[in-house]
Structures are given as structure tokens and as C-alpha cells.
Amino acid sequence: MGYVAVKGGTEAIENATDLVEFYRVRDQTSPVQLQQLQAQFRLAIDKIMGEGSFYAPEYGALALKQVEGDGLEAAFILRAFRATLSRKYYSAILDTKSMFVQRRISSSFRDIPGGQVLGPTRDYTQRLIDTRLVDETNEHIRAFLAGFASRIDAATPGEVTTFGKVVDILRAQGLLKEVRPEDRRVVDITREAVKFPAPRSARLQMLARAETGGIMALGYSSMRGHGGVHPTVGELRVGLVDVKVTDPAGRNRYIGRIRVTEAEMITEAQTAGKEAVPYYAIGYGLCFGQNETKAICMGILDRALRTEGNRAPANDQEFVLYHTDGIEAMGFTSHLKLPHYVTFQSGLSNLREAVDRERAAKKDQGQSSTAEPEPPEQPAVVFAENPDLTG
Amino acid sequence: MIAFQKFNTQFNFAFIDESTKREIRRKLLKAICIPGYQVPYSSPEMPIARGWGTGGLHVTLSLIGRQDVFKIIDQGSDASVNACNLRDFVRRTTDCRTTFDTREATLIQSRHRITEETLSEHQILVFQVPQPEPLRGVERYERKTREMHGEADYAKMWVSLYESYVKYGDIMEGAGYPVKVNERYIMSPSPIPRWDVPNLNHSQCLFLFGAGREKRLYAVPPHTTVTPLEFEDVRFRTEKFPGIRCAMSGAEGAFMDELYGEDTTSRHVVNDSDFLDKLLANDEPPRWENPYLREVLDGLDG
Amino acid sequence: MVRETAYDEVFDSQRHFRIIMDSMARPGKLNRLHDVVIHPPPEINPASALVGLALLNADVSCFSPADAEAVAAYFVANTASRLQPAAEADFLFLRGDAASGALAQAKTGTLAYPDTGAFVVIDVVQLSKQPVADALVLRLAGPGVPGEETVFVRGLNADLLAAIRDKNAEYPLGVDAILTDQEDRILCLPRSNRFSFG
Amino acid sequence: MAPDRDYVLCECSLEALKTFVSDQLLPYYQVNLTKAPATCLTMVRAEDSVENQEFYLGEALTTECEVEVNGQAGYGICLGDEPDRAYCLATVDALFAAGDARLPTVEAFLAAQWAAIQQRERLEFSQIMRTKVDFKLMEQG
């Protein structure tokens with residue numbers, strides 16, 4: 001059944017699948033263990049989980065392995081996997097105040113209650129390539145760990161404490177408030193398509209699952225002048241927060257902890273009228289894992305999307321939210337690789353007729369024109385004018 | 001010792017979970033109740049990339065049952081690599097019978113074509129739609145296009161078509177030619193060629209449209225008026241293949257692919273692969289009834 | 001409250017949905033919904049109960065009148081649907097002999113989002129393509145109908161049909177009706193339908 | 001403050017937990033598996049810290065399990081693909097619901113694990129606090 005191309009299609013797919021597997025394993029290096037990826041590629045997996053909107057470090061590691069380290073492709077796999085599971089629980093609202101803090105800084109004040117805790121960061125390291133890692137051995141690792149552990153007196157370690165929020169200081173002084181009302185409905189954009197104007201809950205949810213690079217570009221554009229949000233980091237914290245759900249017996253149960261990054265970006269809120277005080281307001285960023293660029297840019301865009309009257313891209317809800325989902329953007333831009341010959345043929349048919357009309361018109365205008373037929377003036381415009389519909 | 005299985009992934013019948021299927025089904029009913037109107041839906045992630053047929057798959061997988069016979073075509077061909085991949089996915093998750101034979105199929109998913117063979121009331125055609133909004137070219141904001149549809153305010157669209165006429169001497173919309181459904185909504189028929197557009201009008205079968213990335217579903221029920229946008233003096237026309245014969249079957253009067261060989265000379269082949277197979281087997285399948293096709297076929301007889 | 005155990009969440013709902021969809025796409029066509037043994041309360045036609053089982057879940061709300069509370073309780077228990085007043089419910093389950101009060105309150109959606117209008121499931125005594133005594137004559141036209149179709153409906157208060165017509169007067173705003181009878185037949189009246197009755 | 005039982009069981013060593021449940025509990029009870037461990041999703045809810053605007057952060061992989069011991073239901077829920085842990089959680093939960101005589105053994109296990117977890121966290125936290133910037137020191141220096 002079917003003519004020649006049929007067999008070719010299926011076979012080519014199967015062979016391509018084998019070939020890509022060949023390129024993954026051809027050098028016969030030892031198989032990468034999930035544990036290794038999970039431990040040593042922590043930040044890659046954090047980013048994948050954030051963009052995949054799915055917190056599961058082990059599966060993040062598996063996805064990363066499966067796709068030879070392509071982060072966006074791995075995030076895509078997590079999202080598709082998520083679609084196979086049913087949602088049984090809604091957690092209690094995360095309490096980031098009681099976070100097990102691993103890192104917490106503020107740019108607003110030099111000293112803050114609890115102090116500036118740098119935590120695990122490469123911000124102040126020089127980005128020089130470290131050739132010592134080329135010959136890293138288990139002995140090196142053990143030696144480092146032993147030395148690291150010895151800096152703490154294991155018999156009397158300090159108590160774990162939590163940290164007050166910088167924004168609470170400003171709020172207590174009455175300096176922090178939103179001067180414009182906001183749609184406070186809580187919607188879930190995975191259950192219904194977003195509608196515009198989108199309530200803030202939908203915007204925050206979409207930004208939390210957006211692609212890091214996408215919101216970074218837009219957040220940056222806003223700071224550079226296209227949107228006028230240039231905030232201060234009120235507080236940036238990274239750490240573990242408890243997740244609690246209600247079990248079938250109706251009891252509140254602890255089910256584990258997840259790592260998140262939280263950014264509170266302080267800006268001046270727009271004033272409502274002449275007499276209004278320019279209060280501070282925050283742009284809020286929160287995402288899975290340690291991904292500070294993302295949390296900061298989410299905070300910038302949260303603010304930028306509440307800025308009225310400025311028509312920069314970063315202020316435009318539809319522009320920002322429709323174009324920063326990495327999985328969707330990747331899918332559609334790469335679908336250009338699919339055949340389009342039917343649509344192309346349809347446009348071609350129009351263009352040929354238009355060209356014929358033009359030539360006929362030129363001929364009618366008189367015989368003075370050169371014998372050489374002129375090229376059509378704007379051949380490309382036929383497709384360019386209607387780019388969306390040819391997909 | 002306790003040892004339960006980890007990484008124990010199992011997929012639901014037709015992949016999508018039952019709760020989401022119900023949501024999609026309710027939205028499909030609404031789409032049928034308001035022909036041509038785009039219903040927003042959740043559009044869950046699929047293991048197929050956005051823009052590669054996820055909307056069509058959502059519809060197909062919410063509809064499909066064990067008794068269905070499934071056919072999928074991409075740009076007219078059952079053999080296109082993406083069609084092969086999606087067919088394999090549907091078969092793996094449903095165990096359904098698949099076919100290339102248009103006549104035998106109960107559920108057909110298509111990217112960018114309606115079959116040359118007519119479809120009956122026992123068949124459903126599901127389109128994969130890249131951009132469901134016919135007004136996007138004239139208005140970039142969803143909030144505004146929603147308002148325009150709500151108020152049936154299509155002035156901008158008409159102006160744009162008129163400008164095209166003034167500039168190029170014709171309406172230059174190619175594939176995805178905008179239509180009006182049930183004399184109310186302007187709709188994108190998905191990027192089918194104009195050749196196929198008249199077949200949407202008063203068909204026997206149900207047409208469903210899924211735009212996954214844009215999260216919209218819409219429908220054209222059977223026996224529904226679907227008219228391409230046109231002016232009194234600038235009429236809708238289908239593509240023309242005057243005097244062109246299929247290099248394989250010798251047939252005329254079907255949508256053709258234009259092929260170029262090494263020497264850059266062109267030949268044409270019937271685009272619809274199943275239709276071509278049937279022509280080659282001297283099995284002339286029943287055609288759609290529409291005046292544009294009638295004119296072409298009558299011209300051949302003459 | 002009876003928990004339906006014979007009903008197959010995957011395959012029964014799929015099959016029934018296809019039948020409902022066929023009816024919605026072809027107003028005037030009478031299909032039947034009846035191949036699963038279920039135990040709905042006596043206040044509702046079994047076919048209407050199957051419509052609910054096929055389409056409801058925790059994401060949508062339903063309504064049944066005060067004198068048929070068992071119906072709503074049945075759907076809450078079997079589909080996790082939520083109860084809402086008639087003015088907010090996504091699905092209204094009404095009896096054909098009822099007054100039109102609840103229906104008059106049903107959601108009709110907005111111009112930007114007309115799909116948020118409600119589904120109204122109405123139990124009648126008998127649906128027939130052939131003339132029957134004491135029946136309303138319902139003439140249907142519009143999308144899905146080749147020309148005009150006639151259906152004879154017994155056990156339906158004409159006020160309800162009038163209320164549906166009023167609700168759908170400002171198309172695309174409106175409600176979408178599903179009628180079932182005591183012999184498991186189903187007939188759909190989407191808002192796009194231009195029906196008359198007498 | 002009394003340690004939260006679920007917290008201890010979610011954070012303690014899986015090997016220790018499995019050994020304890022296998023050796024100290026399973027031989028003494030008929031544990032009926034009413035719902036085998038299966039993965040599902042928890043939608044994580046969050047809110048901004050100033051206006052308390054609630055929103056959905058994303059979903060977390062979760063394992064749930066349900067058992068019955070002496071007619072008492074026990075529910076085990078934990079993050080990740082952790083069928084063994086969910087089973088152990090459910091079993092312990094059912095025992096507490098039944099208020100059984102072996103509870104002191106369980107309490108002792110919990111107390112020991114709690115101490116181990118605390119020690120682990122204090123050590124980690126102490127290391128984290130070594131990265132705290134000391135401004136006063138900078139001024140004096």
C-alpha cells in the first residue's frame with residue numbers, strides 16, 4: 001500500500017533515531033550515572049526543572065542524559081512527562097520566610113538583619129577556566145571534603161535559624177505598597193488558556209515557567225531603557241522550602257522540600273495622581289531551583305507588566321507572555337523544518353498570476369520598454385505580509 | 001526487604017489523562033455549537049513539539065476509541081516523516097488500526113490538506129492549525145481580535161483584502177484563505193490550499209481544528225455555510241493547474257506538487273498520496289462536489 | 001449515594017462523548033446512549049446521567065433543582081463536579097416539565113468568550129422522528145441540519161423551549177441544550193440552531 | 001518542639017527507614033496494600049511576599065501510597081519517585097492511627113533519625129553561615 005515514499009519515511013526516522021544514539025555513545029565512554037548528573041550538574045537540572053515547570057531532580061537528570069545535554073529539549077521532555085501524571089494534590093502556600101536559607105543577599109541595605117550570606121555562588125570568582133579539573137580524582141574530592149568538614153566543630157554546630165525579610169522592614173515603615181489595584185483572581189494557565197488582560201497570578205505562573213534566556217532578554221531591555229524598570233534587589237534568597245499537602249484523611253502533611261530562588265525587586269511604583277506619594281513597590285520573582293538570573297528577571301518583568309502607558313515590549317503582556325515560553329517558541333521556530341510545499345504552491349500560484357498581470361500591463365503601456373522582462377518588483381511580499389498563516 | 005519499582009512510567013489510553021480529555025471534549029462541543037469561534041483550552045504538553053501537530057493530536061486523542069480507524073496525512077501525504085511519527089505515536093498509545101485508505105478511515109488528522117476523495121458523515125477530519133487567528137495579520141493583539149470577533153467587526157480584514165487588490169490586482173491570500181462560517185465568524189481554515197476551501201461548505205463530515213501552541217479549538221459542523229471572503233468584482237479563485245498532468249498517473253484536475261529534478265525541469269505529481277495510489281490502481285474514488293472543482297473537471301471533459 | 005462501578009472512565013466516556021458530539025453536530029438526529037448499566041436516582045433519565053458521567057469533572061460545576069437534589073449529589077459523588085446555583089453552573093440538569101426559572105438564569109457567556117455559556121441537559125418523556133400524540137413539534141434548522149428536520153417531543157414544557165430561544169436570541173451568546181428521553185434517545189440543540197416549535 | 005513525624009520520615013536515610021520497617025514492623029503486622037505506590041503531581045502554590053498574591057509556581061513529582069493495618073488506613077505521600085519511602089510512610093501512619101503497642105519502638109527510631117537529620121542540617125548551615133559577609137570586620141580592618 002502506498003507508493004515509494006512511504007517506506008522511506010518510517011525507515012528514515014528509525015535510522016535517524018539510531019544515528020543520534022550512535023553519536024551519543026560512539027566513543028564508548030562510561031555511561032553517565034544519574035546520580036552524577038544530579039549532583040554535579042545541579043544548576044543545569046535546576047534550570048530544566050524551572051523551564052519544564054516540573055520539580056523532579058532525578059527525572060531532570062534523566063532527561064538531560066537522554067538529550068545529550070540540550071537544556072531546552074530536556075525541559076520539554078519533563079513537560080511532556082508531567083502530562084502523563086494526574087494532579088492529586090495542591091500544596092499549602094510556600095512559606096519562604098521559614099526557608100532553609102542557602103544564600104541570601106540584599107543590594108538595598110549594606111547590613112541587614114541576619115546578614116548578607118553569599119552561599120554557593122560563583123559571582124565573585126574570576127571566570128578563568130580551571131584546568132585542574134581535567135585531572136580531578138576521587139582522592140581530590142575526598143581530600144576537599146575532609147578539609148571542608150574540618151572547618152566546623154562537629155560537636156557544637158550552630159543552630160539553624162531563619163531570616164526576616166528585607167521587604168518587611170520597608171513595609172513596616174509604610175514605604176512599600178501598590179498604588180494601583182490589581183486583578184487578584186488565582187487562575188491556572190495549565191488548566192485554561194490565558195486570557196488578556198491576564199490577572200497577576202497568571203503572569204507570575206507563566207514567568208515562573210518561562211525560558212531563562214527569553215525573560216533575561218526582556219528584563220534586560222527594560223533596564224536598558226525600553227520600559228523603564230531599573231530596580232534594586234531588595235532581597236535575593238536561595239534555599240529549601242517545605243511542601244505540605246492535605247492527605248485523604250484531611251490532615252496537613254509534610255511531603256518534602258524543594259529548592260527555590262526568590263527575588264524581591266524594589267522599584268518606585270507609579271503614582272496615581274498629583275498628590276500621590278511615589279511609594280516603593282516590589283516586582284516578585286520565584287522559580288524552581290537555584291536560578292538567580294531567572295528570579296531577578298521575573299521580578300523585573302512582574303513590575304514592567306504593571307507599568308501603564310509605556311509601550312515598550314517588556315510592558316506588553318501579550319508580547320512578554322506569548323513569547324517567553326521556551327518550549328512553545330522552540331517548537332514553532334523549529335517546525336519550519338517541516339515540509340510546506342502545499343502552502344508554498346498556493347502562494348506560488350498567486351505570485352505567478354500577479355507577475356503575468358504585471359507583464360501584460362507593461363505590454364499594454366506601449367512597446368517602448370525593453371524586450372527583457374523585468375523581474376517582479378516585490379516578489380517576497382506575498383509571503384512576508386502574512387507570515388502567520390503559512391505555518 | 002521493601003523494593004517497589006521506580007521509573008515505572010505507564011501511559012493512559014490515548015496518552016492524555018481522562019480529566020484533560022473531558023475538558024477538551026467539552027470545549028469541542030462548544031466549538032461545534034458556535035461554528036468558527038475559537039474556544040480557548042488548556043492544551044497540555046505532548047511528547048511532540050509545539051507547532052508539530054499538538055493541537056491536532058489533542059483533538060484526535062480526545063476523540064479516538066478502540067473501534068476507530070485512523071489516518072494521518074501531512075501536506076497530502078501519508079508518508080511524510082512527521083505523519084509517520086504521529087501515526088506511530090497514536091498507534092502506540094491506542095492500539096488503533098491505522099490506514100492510508102481515505103475511504104476506510106473513521107478519523108483523519110491532516111496538516112494542510114483536505115483529501116481529494118470526498119468524506120462521508122461517518123468521518124471526522126481533524127486539522128493541525130499553526131495560527132488559528134485569521135485576523136492576526138491585521139491586528140497583533142489577542143485582546144483586540146477577540147473584541148473584533150465578538151462584535152463581528154471585520155472592517156480591518158476587508159480593508160486589508162481591498163488593499164491587496166489595489167496593490168497587486170488580486171486578493172493575495174494563498175493557503176489559509178479566510179472564510180466566513182455560518183455568516184458570523186471569520187475563520188482560518190488552517191493553511192489548506194484554496195483548492196480545498198470550497199469543500200468546507202455544506203459537507204457531510206465534521207471538521208475539527210486544533211491549534212495546540214495557540215491553545216484554541218474550533219469547528220465547522222456538517223451542513224454549515226462556509227464562504228471564502230470575496231468582493232463583488234474580485235472573486236475567490238482556487239489554484240490553477242492548466243494543462244498540467246500528473247507525471248505518474250497522467251491525471252488532471254487535482255492539487256499538484258511541483259517537483260524539480262537535478263536538471264531543474266519541473267514535473268507535477270498529484271499531491272494527495274492515497275488519491276494518487278487509487279488513480280494508479282484505476283480505482284477512481286468519489287470526489288467532492290463544489291462549483292470550482294466542477295468547473296475544472298468540466299473543462300477537462302470538454 | 002450510589003457509586004457507579006460498572007462505568008468505564010476511559011472507554012465508556014469516550015464512546016458516549018462521540019455520540020453526544022455526533023448529536024451536537026447534527027441537530028435533529030436522534031442517537032441513543034444506553035449501553036452501560038448505571039444506577040442514577042429516579043429523578044433523572046439514565047441517558048442524562050450518562051451525559052453527566054461523560055462530560056463532568058472537578059473543573060466544572062453543575063446544578064439541579066431543589067426537588068431533584070439527589071441528581072446533583074449523584075454527580076458530585078461520581079464525577080467530583082461542584083455544585084453551583086443555576087446562574088453560575090456550567091451544566092444544568094432540568095426536567096422537561098419544569099418551569100423555566102432556572103434556565104432563565106443560566107450563563108450565556110460574553111461576546112469575547114461565548115463558550116462560557118452553560119450546557120442545559122433536559123429530561124423529556126419521548127423523542128421521536130415520527131408523529132406521536134401530545135407532542136410538541138420541533139423544527140430545526142441551521143448548522144448541522146441539511147435543510148430542516150422535524151422532531152416530536154413529548155414531556156417538554158413549551159416555556160422551556162421559549163426560554164432557550166430567548167437565551168440564544170443574541171447569538172453567539174447562549175446556552176447549548178441536550179435533550180434525552182426515557183428510552184435513552186438524545187437530541188441536541190446547539191445555540192446556533194434556529195428552531196421553531198408548536 | 002516535637003519533631004514532625006512526616007518530616008523525619010521524608011528526610012531520613014531511605015536505607016535506614018526500609019530496614020527499620022522491614023525488620024521491626026512488617027513481621028508483626030498484616031499490612032494490606034490498598035493503593036500501591038504510584039507517582040502523581042502536586043501543584044505547588046506560592047504567593048508574593050508583599051501583596052500576598054497567590055499563584056501556581058509549578059508542579060512537583062509526588063509518590064502516594066495507601067495501606068491498611070488492623071482496619072486503620074495509613075497514607076504515605078512524599079516528593080519524588082519514591083515508592084519505598086511512600087510505602088514506609090503509609091505503614092507508619094497506619095500504626096499511629098491504630099495506636100499500637102509497638103509505637104515506642106517507632107518513636108525511638110524517629111528520635112534517632114531526627115537527631116541525625118538535625119546534626120546534618122546544623123553542619124550544612126554552619127558552612128553556609130561561613131559565607132556571611134562581616135561588615136564590621138571590614139570597617140575595623
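These numbers come from the heavy atoms of this one structure, side chains and all, not from hydrogens, waters or symmetry mates. Residue numbers start from 1 in every chain, and the chains themselves are labelled A, B, ... in the order their sequence lines are given, proteins ahead of strands.
Note: F11(B) and F89(B) fail the aromatic proximity criterion, with ring centroids not under 6.0 Å apart. Remark: aromatic rings of F127(B) and H112(B) are distant, center separation not under 6.0 Å.
Counting heavy-atom pairs under 4.5 Å between each of S80(B), P47(B), G169(B), A281(B) and chain A puts G169(B) at the top. Between chain A and the options K240(B), R50(B), K6(B), the largest number of non-hydrogen pairs under 4.5 Å is found for R50(B).
Contact between N315(A) and G227(A) at its shortest, heavy atoms only, is OD1-CA, 3.4 Å. The minimum heavy-atom distance between G51(B) and F332(A), with the atom names listed, is CA-CD1, 3.9 Å.
Taking 4.0 Å as the cut-off between side-chain N and carboxylate O, K167(B) and E163(B) do not count as a salt-bridged pair. The pair D183(A)-R203(A) does not meet the salt-bridge criterion, since no charged nitrogen lies less than 4.0 angstrom from a carboxylate oxygen. Taking a cutoff of 4.0 Å between a charged side-chain nitrogen and a carboxylate oxygen, E318(A) and R143(B) do not qualify as a salt bridge. Between D283(B) and K278(B) there is no salt bridge, since none of the side-chain N atoms of the basic residue sits less than 4.0 Å from a carboxylate O of the acidic one.
Between the side chain of Y177(B) and the backbone N or O of W195(B) there is no donor-acceptor pair closer than 3.5 Å.
The closest side-chain heavy-atom distance from T93(B) to L61(B) is below 4.5 Å.
Using a 4.5 Å cut-off between non-hydrogen atoms, the part of residues 48-60 of chain A that approaches chain B consists of E58(A), Y59(A). At a heavy-atom cut-off of under 4.5 Å, chain A is reached by R213(B), K215(B), R216(B) from residues 209-216 of chain B, listed in order of number. Residue-level contacts of residues 65-84 of chain A with chain B, in order of numbering, are F76(A), R79(A), A80(A), F81(A), R82(A), A83(A), T84(A); threshold 4.5 Å between heavy atoms.
Judged purely by distance below 3.5 Å, without hydrogens or angles, the side chains of D257(B) and N271(B) pair a donor atom with an acceptor atom. For Q38(B) and E133(B), the side-chain atoms include at least one donor-acceptor pair closer than 3.5 Å. For the residue pair E23(B) and S42(B), a side-chain donor N or O sits within less than 3.5 Å of a side-chain acceptor on the partner. A donor and an acceptor atom, one from each side chain of R87(B) and T10(A), are nowhere located under 3.5 Å apart. Residues T102(B) and D274(B) have side chains that bring a donor and an acceptor to within less than 3.5 angstrom of each other.
Interface remark: D188(A) contributes no atoms to any contact with chain B (heavy atom separation under 4.5 Å). Neither the backbone nor the side chain of I192(B) comes within contact range of chain A, judged by heavy atoms closer than 4.5 Å. Both the backbone and the side chain of S334(A) come within contact range of chain B, judged by heavy atoms closer than 4.5 Å. Looking at N85(B), both its backbone and its side chain come within 4.5 Å of chain A, counting heavy atoms on both sides. For chain A, no part of S43(B) is nearby; none of its heavy atoms comes within less than 4.5 Å. Residue E328(A) touches chain B through both its backbone and its side chain, counting heavy-atom pairs closer than 4.5 Å. Neither the backbone nor the side chain of I16(B) comes within contact range of chain A, judged by heavy atoms closer than 4.5 Å. Neither the backbone nor the side chain of Q317(A) has a heavy atom closer than 4.5 Å to any heavy atom of chain B.
Between atom CD1 of residue I327(A) and atom CZ of residue R209(A) there is a gap of 8.5 Å, rounded to the nearest 0.5 Å.
Evaluation of the side chain to side chain contact (heavy atoms under 4.5 Å, CB included) rule for A105(B) yields K71(B), T99(B), I108(B) as partners, not counting sequence neighbours.
Checking K144(B), R140(B), R146(B) one by one against E142(B), the salt bridge (charged side-chain N to carboxylate O under 4.0 Å, His left out) holds for a single residue, R146(B).
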